[in-house]
Amino acid sequence: MSTERPRVVVIGAGLGGLAIAIRLQSRGYRVTLCERRDQPGGRAAVYRDQGFVFDAGPTVVTAPWLIQELWELAGRRADDAVRFVRLDPYYRIHAHDGRMFDYSGDHDKMAAEVARFAPGDVDGYRRFLGESEKIFKKGFEELGDKPFSTVGSMLKVAPALIRLGSHRSVYRFVSGFVKDEALRQVLSFHPLLIGGNPFAASSIYALIHFLEQKWGVHWALGGTGAIVAAMAKLFGELGGELRLSSTVEEILVDKRRTTGVRLAGGATLPASIVVSNGDAGWTYRHLIAPEHRRRWTDRKIDRTRFSMSLFVIYFGLRRKHPDVAHHSILLGPRYRELLHDIFEKKVLAEDFSLYLHRPTATDPSLAPEGCDTFYALSPVPHLGAGIDWTVERDRYRDRILDHLEQHHLPGLRRDLVTSHTITPLTFRDDLLSLHGAAFSVEPVLTQSAWFRPHNKSEEVEGLYLVGAGTHPGAGMPGVLSTARVVDRLIPRLPDDGGRDPIAGTHAA
Ligand SMILES: Cc1cc2nc3c(=O)[nH]c(=O)nc-3n(C[C@H](O)[C@H](O)[C@H](O)COP(=O)(O)OP(=O)(O)OC[C@H]3O[C@@H](n4cnc5c(N)ncnc54)[C@H](O)[C@@H]3O)c2cc1C
């Protein structure tokens with residue numbers, strides 16, 4: 001009877017799109033997943049060259065159970081599909097004054113590291129950890145997988161958000177506990193992982209610190225690409241259809257209800273339910289005709305704040321640098337001012353802070369023998385800045401490589417085998433993200449929960465949104481949670497076995 005099952009089209013095979021496609025297919029819907037690129041994964045795509053394997057995007061895996069539960073929902077064993085190892089340290093942070101901080105998930109080790117780094121801040125750190133736990137319990141465990149489709153749902157949580165002091169920024173929140181400026185940076189950089197400015201993102205995002213302590217920072221053996229490949233395989237095994245190189249150009253609407261999508265080239269795919277994993281801003285602006293939009297008008301989209309973008313250099317070296325940690329954060333001379341340049345002034349600064357990824361520290365399979373795989377990531381303004389990246393690209397790349405060669409990777413240019421660079425243009429032109437933003441809608445309080453584009457569209461019946469631009473937001477735990485929210489919102493089929501759409505067995 002499978003031909004009678006309702007047809008769902010999912011637009012985009014990012015992690016959010018893959019997750020909702022697996023969820024709905026395993027619930028009995030017939031799902032077609034359309035991805036414009038020639039591989040699934042979105043920001044988590046993979047570049048390969050000469051034996052080097054580069055995960056393009058997410059590398060810090062927190063809450064792996066959010067991935068594993070997809071196999072549970074499908075009645076399979078996740079361990080057979082993806083294996084995770086916990087990292088220690090999670091991050092090595094190089095302060096600009098030469099001090100180093102090994103950030104881990106072991107409370108005693110963390111306290112000892114704080115005592116070594118900033119002896120006066122040990123008590124403050126412990127209090128910070130306690131507060132981060134309280135925020136986590138409210139912000140992640142209670143609100144993270146709840147739909148915010150009505151004003152009422154927002155009003156209900158408002159008192160709790162006020163009690164938690166969510167109007168404060170993460171940096172201000174951290175500064176209330178510790179005094180050392182470099183330690184404040186160590187404990188406040190996390191919003192950057194989801195596209196937020198630590199000086200503007202709500203202190204609710206301080207929950208990330210506790211989330212990492214609770215569930216760890218992990219690495220998937222084979223890289224994040226192995227997670228994507230396993231998810232695509234699971235979807236196929238469940239009978240789902242993945243169409244690569246298929247760009248959706250329009251979400252079809254008739255009498256305020258979706259009837260399917262139109263692909264580039266003109267073909268249409270009828271469906272009673274459409275889930276967009278495309279950038280939320282792009283979805284409303286470019287995939288739905290203006291006459292079908294009452295709230296997400298072009299004007300409202302123009303007034304929405306989008307996250308910063310990223311400049312990333314992927315490179316392979318013919319030697320190893322065993323002294324470089326898996327995840328390094330290299331803080332530049334300025335913190336507040338640099339973030340101001342990126343998020344507010346929108347200028348390309350002369351200085352930078354970098355995230356340096358060396359996956360071969362954990363997983364030698366990602367490079368030829370005796371070699372190292374790296375990427376260096378620099379947050380930069382989104383395309384609203386008017387920077388001409390066709391001109392700036394090589395100059396900026398050279399400055400970053402010079403810095404790395406001088407301070408961290410001696411002989412880098414001599415040892416370079418391969419490299420590939422992406423700029424904000426890649427986010428706009430390949431991934432169809434408004435303003436080339438790397439994390440879609442910026443996570444500030446006034447654009448959170450109900451104020452974000454809703455998971456169930458208020459414009460078009462039968463349309464749902466997953467991914468970074470909707471609730472709860474960007475990052476792997478965030479976008480996997482958007483799929484949990486949408487799973488709850490989409491009606492159950494009569495014969496779905498009564499399964500709970502959010503298994504959540506690991507969440508407690
Ligand atoms: C360099 C980088 C590093 C990051 N590091 C981390 C990290 O360490 N940890 C972490 O948790 N998060 C990290 N993130 C954030 C995380 O990767 C993203 O928030 C998350 O992967 C976004 O998933 P998504 O579901 O929103 O889909 P996306 O990855 O945005 O995928 C959307 C997909 O939709 C496709 N698409 C768009 N429009 C259409 C259309 N019209 N038709 C067909 N297909 C379409 C796109 O091609 C794309 O494949 C990082 C992001 C970047 C860019």
Side-chain angles (χ1 to χ4, degrees), residues 9-21 32-45 54-64 66-67 90-91 190 192-195 208 211-212 217-219 224 227-228 231 242-251 261-264 269 274-283 286-288 307-314 326-327 355 357 359 375-379 422 424 426-434 436-441 443 465-470 472-483 486:
V9 170
V10 177
I11 306 169
L15 289 166
L18 282 163
I20 192 63
T32 301
L33 176 52
C34 297
E35 167 54 51
R36 63 185 255 103
R37 287 175 138 187
D38 61 2
Q39 59 168 308
R43 276 136 171 97
F54 301 100
D55 278 311
T59 56
V60 177
V61 182
T62 37
L66 279 167
I67 297 163
Y90 293 169
Y91 314 97
H190 290 85
L192 287 164
L193 297 178
I194 53 163
I208 302 175
L211 183 145
E212 288 178 342
V217 166
H218 297 260
W219 175 250
T224 308
I227 304 176
V228 170
M231 287 170 78
L242 172 59
R243 289 193 181 201
L244 295 175
S245 308
S246 289
T247 300
V248 170
E249 283 192 341
E250 186 180 359
I251 296 171
V261 300
R262 181 174 53 76
L263 301 175
L269 297 178
V274 172
V275 184
S276 179
N277 180 219
D279 177 66
W282 191 284
T283 298
H286 296 297
L287 302 188
I288 302 175
S307 83
M308 83 297 195
S309 194
L310 297 173
F311 184 94
V312 193
I313 311 167
Y314 308 87
H326 188 137
H327 299 298
Y355 158 60
H357 185 220
Y375 85 50
L377 172 159
S378 162
I422 66 166
T426 315
F427 291 94
R428 185 191 66 191
D429 300 339
D430 289 2
L431 291 156
L432 302 187
S433 299
L434 278 191
F439 303 86
S440 197
V441 176
L465 275 70
V466 292
T470 183
M476 294 177 78
V479 302
L480 292 165
S481 297
T482 66
V486 168

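When a ligand or atom number is given, it counts from 1 through the structure's own listing order. Values below: every heavy atom of this structure, side chains too, minus hydrogens, waters and symmetry copies. We count residues from 1, following the sequence as given.
With sequence neighbours excluded, the residues that form a side chain to side chain donor-acceptor pair (under 3.5 Å) with S433 are R43. Legend: residues meeting side chain to side chain donor-acceptor pair (under 3.5 Å) with T32, ordered by chain and number and at least two apart, are R7, E241. Residues satisfying the side chain to side chain donor-acceptor pair (under 3.5 Å) criterion with S378, sequence neighbours excluded, are Y396.
When atom types are taken as modelled, the side chain of T224 and the backbone of P58 share a donor-acceptor pair closer than 3.5 angstrom. Judged by distance alone, with hydrogens and angles left aside, the side-chain atoms of R36 form no donor-acceptor pair with the main-chain N or O of L431 at under 3.5 Å.
Looking only at atom types and distance, the side chain of Y90 has no donor-acceptor partner in the side chain of H327 under 3.5 Å away.
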Are any protein N/O atoms closer than 3.5 Å to the N/O atoms of ligand 1? If there are, list each pair with names and the distance to one decimal place.
unit_1   : atom_1 : unit_2 : atom_2 : d
ligand 1 : 8 (O)  : T59    : N      : 3.0
ligand 1 : 8 (O)  : V60    : N      : 2.8
ligand 1 : 9 (N)  : V60    : O      : 3.0
ligand 1 : 11 (O) : M476   : N      : 2.7
ligand 1 : 19 (O) : G475   : N      : 2.9
ligand 1 : 25 (O) : G16    : N      : 2.8
ligand 1 : 25 (O) : N277   : ND2    : 2.8
ligand 1 : 26 (O) : A468   : N      : 2.9
ligand 1 : 29 (O) : R43    : N      : 2.7
ligand 1 : 30 (O) : R43    : NH1    : 2.7
ligand 1 : 41 (N) : V248   : O      : 2.9
ligand 1 : 42 (N) : V248   : N      : 2.9
ligand 1 : 44 (N) : R36    : N      : 3.2
ligand 1 : 47 (O) : E35    : OE2    : 2.7
ligand 1 : 49 (O) : E35    : OE1    : 2.6
ligand 1 : 49 (O) : E35    : OE2    : 3.1
ligand 1 : 49 (O) : G42    : N      : 3.4

